[in-house]
Amino acid sequence: MARKKGEPECCFDCVPCSEGKISNTTDSMECTSCSEDFWSSPQRDHCVPKKTEFLSYHEPLGICLTTTSLLGTFICVVVLGIFIHHHSTPIVRANNSELSFLLLVSLKLCFLCSLLFIGRPRLWTCQLRHAAFGISFVLCVSCILVKTMVVLAVFRASKPGGESSLKWFGAMQQRGTVLFLTSVQAAICTAWLVSASPVPHKNTQYHSDKIVYECEVGSTVGFAILLGYIGLLAVLSFLLAFLARNLPDSFNEAKLITFSMLIFCAVWVAFVPAYINSPGKYADAVEVFAILASSFGLLMALFGPKCYMMLLRPERNTKKAIMGRGATK
């Protein structure tokens with residue numbers, strides 16, 4: 001009931017309650033607000049549960065991202081099978097087969113970790129998604145960084161007086177470097193989870209009639225350090241590969257690494273402003289897209305040319321061709 005100004009008390013208008021409030025009593029003088037998880041019905045006479053929103057496996061966007069993630073994982077498995085089958089050929093042996101296998105496994109983990117960003121956020125998925133993402137990508141970029149350092153060491157060793165440089169890049173040193181760099185990221189993730197762990201959050205600020213389920217990162221500083229460490233290793237890999245791109249070899253892997261890291265850095269530089277300006281489930285979609293785009297970029301740039309040579313140009317998969325002597329062009 002809304003009384004008319006200047007009229008007797010018996011004169012009033014019947015007006016509907018405002019959004020989010022109801023009245024189910026005849027001649028009520030005031031409206032009752034719905035609780036946080038409820039919203040008013042169109043008739044404003046009862047409260048109904050608010051609609052929920054998150055990046056779901058059942059909506060077209062979620063289905064597309066899930067399919068792409070599984071496709072990337074399948075391609076990694078196929079490429080790994082090709083490399084294992086051709087493990088004794090020059091193209092595999094010349095490009096550090098052990099690190100190549102580890103790189104493919106880490107790329108498979110990168111594709112799979114994107115699935116943690118899809119579905120209703122829960123405490124364990126919120127805590128695991130960024131930790132799995134950070135450690136998988138650091139493992140991947142660490143392998144690329146060590147491969148680049150080995151390329152530089154090999155060519156330095158080929159020069160007079162440079163034989164000792166290879167002593168510092170044996171198999172044990174390579175494994176140790178990858179393990180150390182990945183352990184640093186694991187320590188960053190552990191400190192982040194212990195100090196300010198990401199938690200699921202019901203956000204009602206974006207839409208008054210909807211509940212947006214999302215993961216609060218907990219510590220923005222922790223998330224920034226995680227991304228910054230990946231970026232630092234990626235930039236370092238790019239700079240070293242760029243310096244080594246013109247070294248004499250008809251199949252110099254540094255050229256592939258330079259191109260792959262250029263794609264990787266471009267994707268993640270574009271990710272930051274897109275992530276900040278994307279509300280709700282679209283922030284998760286942007287992060288999944290960045291993970292998938294950068295993973296596909298690394299997979300295709302680093303392993304595409306090698307698979308092409310092994311499967312379609314086997315005559316170029318010889319020691320002479322790779323070293324640039326008598327190669328069939």
Side-chain angles (χ1 to χ4, degrees), residues 76 79-80 83-84 87 89-111 113 132-159 162-189 226-249 251-265 268 294-295 297-307 322:
C76 283
V79 174
L80 184 59
F83 266 65
I84 291 173
H87 71 278
T89 60
I91 189 66
V92 176
R93 297 180 65 183
N95 288 288
N96 204 320
S97 57
E98 184 178 338
L99 281 179
S100 294
F101 294 149
L102 185 58
L103 179 55
L104 281 167
V105 171
S106 65
L107 278 172
K108 186 167 70 171
L109 293 175
C110 290
F111 281 115
C113 80
F133 150 70
I135 293 172
S136 298
F137 266 96
V138 163
L139 177 60
C140 177
V141 178
S142 296
C143 291
I144 296 173
L145 177 59
V146 172
K147 282 167 77 75
T148 310
M149 294 166 71
V150 170
V151 170
L152 288 169
V154 167
F155 280 100
R156 181 173 293 179
S158 65
K159 296 181 178 180
E163 295 81 2
S164 61
S165 60
L166 273 181
K167 294 179 181 178
W168 302 102
F169 284 97
M172 287 298 295
Q173 287 84 352
Q174 293 172 32
R175 295 189 203 111
T177 304
V178 171
L179 179 62
F180 173 75
L181 293 175
T182 308
S183 299
V184 172
Q185 184 73 309
I188 292 171
C189 292
L226 181 144
L227 287 178
Y229 184 61
I230 297 174
L232 175 65
L233 294 181
V235 170
L236 188 57
S237 298
F238 172 75
L239 292 176
L240 289 178
F242 185 77
L243 293 174
R245 75 193 188 285
N246 291 324
L247 292 175
D249 193 332
F251 197 83
N252 180 4
E253 194 176 22
K255 296 175 183 176
L256 302 181
I257 294 174
T258 303
F259 182 59
S260 67
M261 296 317 298
L262 190 62
I263 296 173
F264 184 89
C265 293
W268 287 102
S294 54
S295 298
L298 294 176
L299 180 61
M300 296 306 174
L302 290 173
F303 295 99
K306 299 172 189 176
C307 290
I322 291 172

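This chain uses plain numbering: 1 for the first residue, then up along the sequence. Model, not experiment: these values are computed from the prediction.
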Of Cys76, Ser294, Ser260, the residue whose pairing with Leu299 passes side chain to side chain contact (heavy atoms under 4.5 Å, CB included): Cys76
Report, one line per pair, each donor and acceptor closer than 3.5 Å where one atom sits in a side chain of residues 136-144; sequence neighbours left out.
from, atom 1, to, atom 2, distance (Å)
Ser136, OG, Ala132, O, 2.7
Ser142, OG, Val138, O, 2.6

Which atom of [X] lies closest to which atom of [Y], heavy atoms considered:
X	Y	value
Lys147	Leu99	CG-CD1, 3.6 Å
Val146	Val178	CG2-CG2, 3.7 Å
Ile263	Gly297	CG2-CA, 4.0 Å

Could you list the donor-acceptor pairs under 3.5 angstrom formed between side-chain atoms of residues 231-243 and any protein atom two or more places apart in sequence or on another chain?
from, atom 1, to, atom 2, distance (Å)
Ser237, OG, Leu233, O, 2.9

Would you mind reporting whether [Y] and [X] have side-chain heavy atoms less than 4.5 Å apart?
X	Y	answer
Val79	Lys306	no
Leu80	Ile84	yes
Trp268	Ile230	no

Residues 170-189 vs salt bridge (Lys or Arg N to Asp or Glu O under 4.0 Å), sequence neighbours excluded, gives Glu98-Arg175
Please output the side-chain donor-acceptor pairs of residues 101-110 that fall under 3.5 Å, not counting sequence neighbours, one pair per line with the distance.
from, atom 1, to, atom 2, distance (Å)
Ser106, OG, Leu102, O, 3.4
Ser106, OG, Leu103, O, 2.7

Would you compute the distance between atom [atom1] of [X] and atom [atom2] of [Y] and round it to the nearest 0.5 angstrom?
X	Y	atom1	atom2	value
Gln174	Leu179	CD	CG	13.5 Å
Thr258	Lys255	OG1	NZ	9.5 Å
Phe259	Met300	CZ	CE	12.0 Å
Ile257	Leu298	CD1	CG	10.5 Å

Could you tell me which residues satisfy ring-ring contact (aromatic ring centres under 6.0 Å, His included) with Phe83, sequence neighbours excluded, listed by chain and number? Phe303
With sequence neighbours excluded, tell me which residues meet side chain to side chain donor-acceptor pair (under 3.5 Å) with Thr182. none
